[in-house]
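Scope of the values below: all heavy atoms of this structure, side chains included, with no hydrogens, waters or symmetry mates. Here is the naming used below: chain letters follow the sequence lines, and residue numbers restart at 1 for every chain.
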2 protein chains.
Amino acid sequence: MKPLQKPTSRTAARAENERLILEAAEAVFAEHGFKGATTGQIADRAGIPKANLHYYFPTKESLYRQVVENIFQIWLDAANTFDDCDDPEVALTSYINAKMDISRRHPMGSKVWANEILHKAPVIQDYLETTLDEWTESRIAVIERWIREGRMAPVDPRTLLYMIWATTQHYADFNHQIETLNAGKPLSDEQFETAKKTVVGIILAGVGIHPGGKGAGA
Amino acid sequence: MKPLQKPTSRTAARAENERLILEAAEAVFAEHGFKGATTGQIADRAGIPKANLHYYFPTKESLYRQVVENIFQIWLDAANTFDDCDDPEVALTSYINAKMDISRRHPMGSKVWANEILHKAPVIQDYLETTLDEWTESRIAVIERWIREGRMAPVDPRTLLYMIWATTQHYADFNHQIETLNAGKPLSDEQFETAKKTVVGIILAGVGIHPGGKGAGA
DNA sequence: TGAAGACTTGACCAATCGGTCAAGATGAGA
DNA sequence: TCTCATCTTGACCGATTGGTCAAGTCTTCA
């Protein structure tokens, strides 16, 4: 039998340190942007000396890249919920709910992503051009088919997707503004549920899907 | 008769220089954020030495503050179109169109704003708490009245406003992503018109307003 | 026309920050 | 236990950057 590793074995300690650093980095990059964040801040937040951070991640950029790649993975997971079902009502509902939940649970990741796009995606441009572009085009095709089949109103599919992205991510990226307009307090679970239902309701009605009824209006 | 000022009189030159600097600053702050922007970059873009920039704007922060205040003024101008008419269809349509047009014509301003909120509004927090909060609350009251009067479906007014903000500003803030997903090219005027019409259409239908018909659906 | 204030600008400075390094601490395998 | 690779860390360095300064130049106006 292999000797049991102590909880602080070499590999476990390395994994734990990398996790601590990445967690701290996501928070600091989200709040201050790539340029605004300092490796010293990140190291402090992770509870290790700066030199040690540079032992695990040689450059600030390599650390940032890792953070962004992790975020893109979360985004892709949510994207898959779009294909849960071929019914537009179910697909749109579950996709919007998944994206809203991400904004609630991973607000910092969304902020890092927003920062990256605002600054012209110096790190993730290749993802945008490949994975994201392919995902978008194929889902546009699905929406166009739903429209042809009369299962939803003839709206521009691209604009519909952008509306969903914009609105759901707004709850993460503009969270500070939302809190300020909510008497300085975070949205309660009830308020957030109301927001989710309202967004789903407006989008579905907006594309002519009326739950309870069937098919699309004019 | 007052002596005609030469085109480069003292006051005119000052005004022109301040304009050049503010224009350059908006662009550089939009692309690199507050921390990422350097006063040297801004001065270069304005075509003046860095020391001269600091003659007009003593600190980087005072320059940034001025840029943000100008942007907020544009935002307020658009906000007024909400009150053009007491009819929800007209009000929502003209407000969405105004905000879409701002995203098209002032994308950099919107990006600076987004950056500011993303970083917890260190400079404009007071605007959020006063002017923005008052505007929002009063428009929520208007929407609630429209709902009571049966002129639109009973949706959460706050969420509706956030959807409009998020979607319209998305066309500025995420312009880079939108271009990338448009074969790397900026949206044509036709494409942008389609986007505007689609957003207006989805929102109006989403809140139960059907142009041509009258009043709200269930 | 000449004095006074407004504006311009190259050179410079202090602070910050990403990253290095060398010396030591620690754990794994023989 | 001994050895070696891995990990830790305080001190340090060069580059960048916000901001200053002093020595000019240009406008205005009496």
[X] [atom1] to [N] [atom2], straight-line distance once rounded to whole Å:
X	N	atom1	atom2	value
B:Asn17	C:dA6	CG	P	16 Å
A:Glu18	D:dT6	CD	C1'	13 Å
B:His32	D:dT16	NE2	P	16 Å
B:Phe57	D:dT17	CZ	P	21 Å
B:Ile48	C:dG10	CD1	P	12 Å

| message | Rounded at 0.5 Å granularity, tell me how far OG1 in A:Thr39 sits from NZ in A:Lys60. | response | 7.0 Å
| message | Angle between ring planes, B:Tyr95 versus B:Trp135, binned at 30° and 60°: parallel, tilted or perpendicular? | response |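 Plane angle between 30° and 60°, so tilted.
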| query | Between B:Phe72 and B:Trp75, how do the two ring planes meet: parallel, tilted or perpendicular, split at 30° and 60°? | reply |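 If you compare the ring of B:Phe72 with that of B:Trp75, the planes turn out parallel.
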| B:Gln125 versus B:Glu129, side-chain donor and acceptor atoms under 3.5 Å |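 Yes, B:Gln125 and B:Glu129 have a side-chain donor paired with an acceptor closer than 3.5 Å.
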| Which part of the nucleic acid, if any, lies within contact of B:Tyr56, taking any heavy atom under 4.0 Å across all strands shown: a base, the sugar-phosphate backbone alone, or nothing? | sugar-phosphate
| task | Counting heavy atoms from C-beta on, name the nucleotide in C:dT8, D:dT6, D:dT20 closest to the side chain of B:Ala51. | result | D:dT20
| Which nucleotide in the set C:dC7, C:dT8, D:dC7 lies at the smallest distance from any side-chain heavy atom of B:Asn52? |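 From the listed options, C:dT8 comes nearest.
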| Hey, are B:Lys197 and A:Asp156 close enough for a salt bridge, meaning a charged N less than 4.0 Å from a carboxylate O? | no
| message | Do the side chains of A:Lys196 and A:Asp101 get close enough for a salt bridge, i.e. N-O under 4.0 angstrom? | response | yes
Protein-nucleotides 17-19 of chain C N/O pairs under 3.5 Å:
{"unit_1": "C:dG18", "atom_1": "OP1", "unit_2": "A:Ala37", "atom_2": "O", "d": "3.1"}
{"unit_1": "C:dG18", "atom_1": "OP1", "unit_2": "A:Lys60", "atom_2": "NZ", "d": "3.0"}
{"unit_1": "C:dG18", "atom_1": "OP2", "unit_2": "A:Thr39", "atom_2": "N", "d": "2.9"}
{"unit_1": "C:dG18", "atom_1": "OP2", "unit_2": "A:Thr39", "atom_2": "OG1", "d": "2.9"}
{"unit_1": "C:dG18", "atom_1": "N7", "unit_2": "A:Lys50", "atom_2": "NZ", "d": "3.0"}
{"unit_1": "C:dG19", "atom_1": "OP2", "unit_2": "A:Lys60", "atom_2": "N", "d": "2.6"}
{"unit_1": "C:dG19", "atom_1": "N7", "unit_2": "A:Lys50", "atom_2": "NZ", "d": "3.2"}
{"unit_1": "C:dG19", "atom_1": "O6", "unit_2": "A:Lys50", "atom_2": "NZ", "d": "2.7"}

| task | Would you tell me if any nitrogen or oxygen in the side chain of A:Tyr55 comes within less than 4.0 Å of OP1 or OP2 on D:dC7? | result |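 A:Tyr55 to D:dC7 OP1/OP2: side-chain N or O found under 4.0 Å.
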| query | Is the phosphate of D:dC7, meaning OP1 or OP2, less than 4.0 Å from a side-chain N or O of A:Arg14? | reply | yes
